[in-house]
J.: 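Please find one structure pasted underneath; my questions will follow.
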Amino acid sequence: MTALIATLRRELASLWLTPLAWILWLALLLIEGGVFASIVTSFATNPGLTLDVGPLQAFYGQSVFVPLTFLFVCPTLSMRAFAEERRTGTIENLLSAPVSAAAVVLGKYLALLVSFSVLWLPTLLYPLVLRSVAEVEWKVVATSYVGIFGLGAGFLAIGVLCSTMTRSQFLSLVLSSGVLLAFIVLGIGENVFDAGFLQAFCSHVAIQSQLMETAQGIVSARRMIFDVTLSAVPIFLSVRVVDSWRWS
Amino acid sequence: MIEVQGLTKHYGSVVAVNNVTFRVDIGTIVGLLGPNGAGKTTTLRMLAGVLGPTHGTISIAGSDLLESPLQARACLGYLSETSPLYPEMRVGDYLTYRAAIKGIKRRRRPDAVREALSSTHCDDVIDIRVSNLSRGYRQRVGLADALLASPPVLLLDEPTAGLDPNQIREVRELITTLRQSRAILLSTHVLAEVEAICTEAVVIHRGQLVAHGTLQDLRAGHRAADVALVVRDPDRLTPAICADLGWGLRPDAERAVESPSVDAGETLRFVVYPEQLTGSMGSRLEELVAVLVKSGVGVRGVNQSSRALETVFAELTSEVGTFAP
């Protein structure tokens with residue numbers, strides 16, 4: 001546990017000591033802030049608008065920008081996790097230390113999760129601002145963040161796995177972006193295919209559908225199991241890959 | 001303290017290390033020697049737990065590295081060849097982090113870091129970012145990292161690479177001091193370093209162990225001596241006199257005096273294998289000089305030296321290596 005916490009703290013310091021995390025933060029807040037402002041403005045300037053959802057549901061569940069921010073935030077945050085260690089050779093120091101591969105992988109992964117959460121933290125201000133002019137359903141806010149965190153955790157895990165597969169940060173970024181893009185494209189299949197296995201499969205992995213559900217205050221076991229699997233399988237594989245370096 | 005049995009590493013069809021067996025006890029500094037690509041770094045990386053062997057066993061301070069990896073790795077300090085560090089971290093923070101993952105208790109960490117930095121003479125860089133350190137300082141911070149937690153086994157890959165002469169002397173003194181309570185295995189290309197601080201040497205060539213023993217034993221196994229005679233008139237060195245140079249040798253000792261040659265104008269060089277001489281080296285040389293003086297060649301100086309480790313190394317590894325992992 002000491003090694004895990006030490007790795008987590010080092011990774012956090014390393015992420016936030018470089019400009020990368022700050023640039024990501026700025027970009028994310030600019031995009032999400034702009035999207036939220038335009039949604040609220042749209043609702044305010046069209047009082048006759050009759051929709052099933054309010055501005056918060058529209059922001060968390062229907063805006064295409066939330067899944068798109070996953071596409072640049074998760075791969076960029078996770079690309080250096082192991083690729084950089086292997087490129088610079090510092091991985092030798094880790095492998096020769098009395099620490100397990102699982103502790104190293106989990107330490108790095110938890111640091112990414114904390115950073116991801118910090119990136120999204122300021123968006124909590126949006127419902128707080130909205131509260132001054134309208135009633136806010138806090139349950140919707142809470143479940144929306146559960147959905148965002150669940151998907152983010154899964155995509156960061158995929159990013160960590162991609163980072164173990166190459167010494168190049170850029171290649172790691174391309175790999176994990178490709179996988180995430182595949183999920184987004186598969187999600188579109190939910191509305192393309194007729195009812196059947198393919199449609200059910202695409203619906204199961206659709207990011208937008210999950211975000212829409214959680215934005216309506218629904219947290220289903222099926223979605224949560226999907227998110228946990230999306231995190232656990234890549235992290236397990238990452239541990240195996242790191243262990244396998246000793247035998248390559 | 002370090003026991004290696006039948007250590008073998010294959011990279012595909014290439015055998016990088018082949019059935020290497022040796023032991024390093026507490027109180028000894030063993031130099032790991034070999035030409036480039038001989039398998040030294042691969043061997044050290046396997047001992048450090050960075051690479052797994054294809055066959056063989058490694059025991060570190062009584063713990064099997066494959067069966068109890070965490071326990072074994074807790075007993076070793078490893079300085080890798082390039083001493084890689086995290087450039088964005090300050091030296092003190094880096095070593096505190098390393099102390100934490102090496103299991104040093106939180107209360108002990110500041111002292112452990114200070115002691116390690118002090119022993120490697122880099123206390124003054126504790127607040128400097130690693131990216132701003134010179135090559136020499138990086139090397140010493142890497143060494144300080146290896147010394148954290150006072151491990152009983154030290155594996156040092158080129159510990160003095162990149163250091164200036166004063167730093168080299170200090171690091172050598174430090175390693176010699178550390179020897180008292182540790183088993184130290186160091187890889188180096190600098191044979192003078194091995195002669196200066198090592199008590200034993202392991203020579204690897206093309207992945208195979210070709211010699212292991214104390215430096216005296218290694219020299220004894222190759223007890224040839226270089227003899228250089230400075231002669232006054234090499235033109236008088238006729239074939240008949242050259243034949244006389246074999247004078248005083250046993251009939252079966254053809255190699256006792258081999259390849260007499262005249263080079264550099266006036267210097268006559270010999271390689272002499274004393275064990276094949278019938279008498280002592282001194283008396284044989286005396287007789288040799290007498291022959292040369294009597295024949296009018298004249299002798300102005302005699303220089304006899306036992307073979308340097310460099311020569312022994314060259315003889316052991318005369319073939320060109322074929323693989324550099």
Side-chain angles (χ1 to χ4, degrees), chain A residues 1-23 77 79-108 110-111 115 164 167 169 239-248, chain B residues 9-12 41 44-54 60 63 65-66 68-90 93-94 96-106 109 129-131 142 145-146 148-149 151 153 155 157 325:
Chain A
M1 187 55 89
T2 309
L4 189 151
I5 293 168
T7 307
L8 187 156
R9 291 178 62 179
R10 198 211 77 76
E11 286 297 314
L12 273 179
S14 173
L15 272 170
W16 291 92
L17 273 175
T18 56
L20 179 72
W22 297 94
I23 292 170
L77 268 183
M79 65 182 179
R80 63 195 297 282
F82 284 98
E84 183 71 357
E85 297 260 14
R86 291 179 74 198
R87 189 185 67 77
T88 58
T90 47
I91 193 67
E92 286 210 4
N93 294 343
L94 276 177
L95 293 177
S96 64
V99 50
S100 66
V104 173
V105 171
L106 283 175
K108 284 175 177 285
L110 290 177
S115 298
T164 62
R167 290 168 196 266
Q169 288 189 48
V239 173
R240 303 303 300 166
V241 172
V242 171
D243 263 334
S244 76
W245 289 336
R246 297 183 204 279
W247 307 101
S248 56
Chain B
K9 180 68 183 175
H10 292 181
Y11 288 107
T41 296
L44 273 185
R45 293 177 79 207
M46 284 193 281
L47 295 183
V50 175
L51 265 184
T54 309
I60 304 286
S63 300
L65 190 59
L66 298 179
S68 314
L70 297 185
Q71 203 176 338
R73 294 206 296 265
C75 297
L76 65 84
Y78 173 53
L79 172 67
S80 71
E81 195 174 5
T82 52
S83 187
L85 310 168
Y86 297 111
E88 71 277 7
M89 294 184 86
R90 293 181 195 282
D93 294 339
Y94 171 73
T96 304
Y97 156 68
R98 294 290 295 169
I101 67 168
K102 288 182 178 191
I104 298 175
K105 300 280 182 208
R106 182 187 289 268
R109 283 175 209 160
R129 225 176 270 284
V130 167
S131 57
D145 175 7
L148 281 170
V153 172
L155 305 171
D157 202 352

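No hydrogens, no waters, no symmetry mates; every other heavy atom, side chains included, goes into these values.
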J.: Could you tell me which non-hydrogen atom of B:L76 sits nearest to which non-hydrogen atom of B:P151, and how far apart they are?
T.: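 Reported closest heavy-atom pair: C-CB, 3.6 Å.
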J.: Does any heavy atom of chain B fall under 4.5 Å from the side chain of A:T90, the backbone, both, or neither of them?
T.: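 Contact with chain B is through both the backbone and side chain of A:T90.
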J.: How close do A:V242 and A:F82 get, counting heavy atoms only, and between which atoms?
T.: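 In this case the closest contact between A:V242 and A:F82 is CG2-CE2, 3.8 Å.
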J.: Taking only residues two or more places apart in sequence or in another chain, which ones pass salt bridge (charged side-chain N to carboxylate O under 4.0 Å, His left out) with B:R129?
T.: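 Salt bridge (charged side-chain N to carboxylate O under 4.0 Å, His left out) list for B:R129, sorted by chain: empty.
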J.: Can you name the salt bridge (charged side-chain N to carboxylate O under 4.0 Å, His left out) partners of B:R73, sequence neighbours left out?
T.: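 None.
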J.: Is it the side chain or the backbone of B:P53 that comes within 4.5 Å of chain A heavy atoms, both, or neither?
T.: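 Contact with chain A is through both the backbone and side chain of B:P53.
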J.: Where does A:L94 contact chain B at under 4.5 Å (heavy atoms): side chain, backbone, both or neither?
T.: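 Its backbone and side chain both get close to chain B.
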J.: So does A:P98 get a backbone contact from the side chain of B:K102, meaning a donor-acceptor N/O pair under 3.5 Å?
T.: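 Absent.
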J.: Between A:E92 and A:R86, is the salt bridge (charged side-chain N to carboxylate O under 4.0 Å, His left out) condition met? List the steps.
T.: CA-CA 8 Å; A:E92 286 210 4; A:R86 291 179 74 198; over 6 Å; no
J.: For A:E84, is it the side chain, the backbone, both or neither that has a heavy atom under 4.5 Å from a heavy atom of chain B?
T.: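 Answer is neither: A:E84 stays 4.5 Å or more from chain B.
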J.: Which residues in residues 11-22 of chain A have any heavy atom closer than 4.5 Å to a heavy atom of chain B?
T.: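 At a heavy-atom separation under 4.5 Å, chain B is reached by A:S14, A:L17.
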J.: Determine whether B:R98 and B:I101 make a side-chain contact, defined as any pair of heavy atoms from C-beta on separated by less than 4.5 Å.
T.: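 Sidechains of B:I101 and B:R98: in contact.
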J.: Distance under 6.0 Å and angle within 45° of the ring axis: does A:R9 meet both against B:Y97?
T.: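 So A:R9 doesn't make the cation-pi contact.
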J.: Tell me, please, which residues at least two apart from B:D157 pass salt bridge (charged side-chain N to carboxylate O under 4.0 Å, His left out).
T.: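 So B:D157 forms no salt bridge (charged side-chain N to carboxylate O under 4.0 Å, His left out) with any residue.
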J.: Give the member of A:A3, A:G107, A:A97, A:A103 that has the highest number of heavy-atom pairs under 4.5 Å with chain B.
T.: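 The candidate making the most pairs under 4.5 Å is A:A97.
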J.: Side chain, backbone, both or neither: which part of B:Y94 has a heavy atom under 4.5 Å from chain A?
T.: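 B:Y94 touches chain A through side-chain heavy atoms alone.
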J.: Given the options B:E81, B:M46, B:Q71, B:E88, which has more heavy-atom pairs under 4.5 Å with chain A than any of the others?
T.: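 The residue among B:E81, B:M46, B:Q71, B:E88 with the greatest pair count is B:E88.
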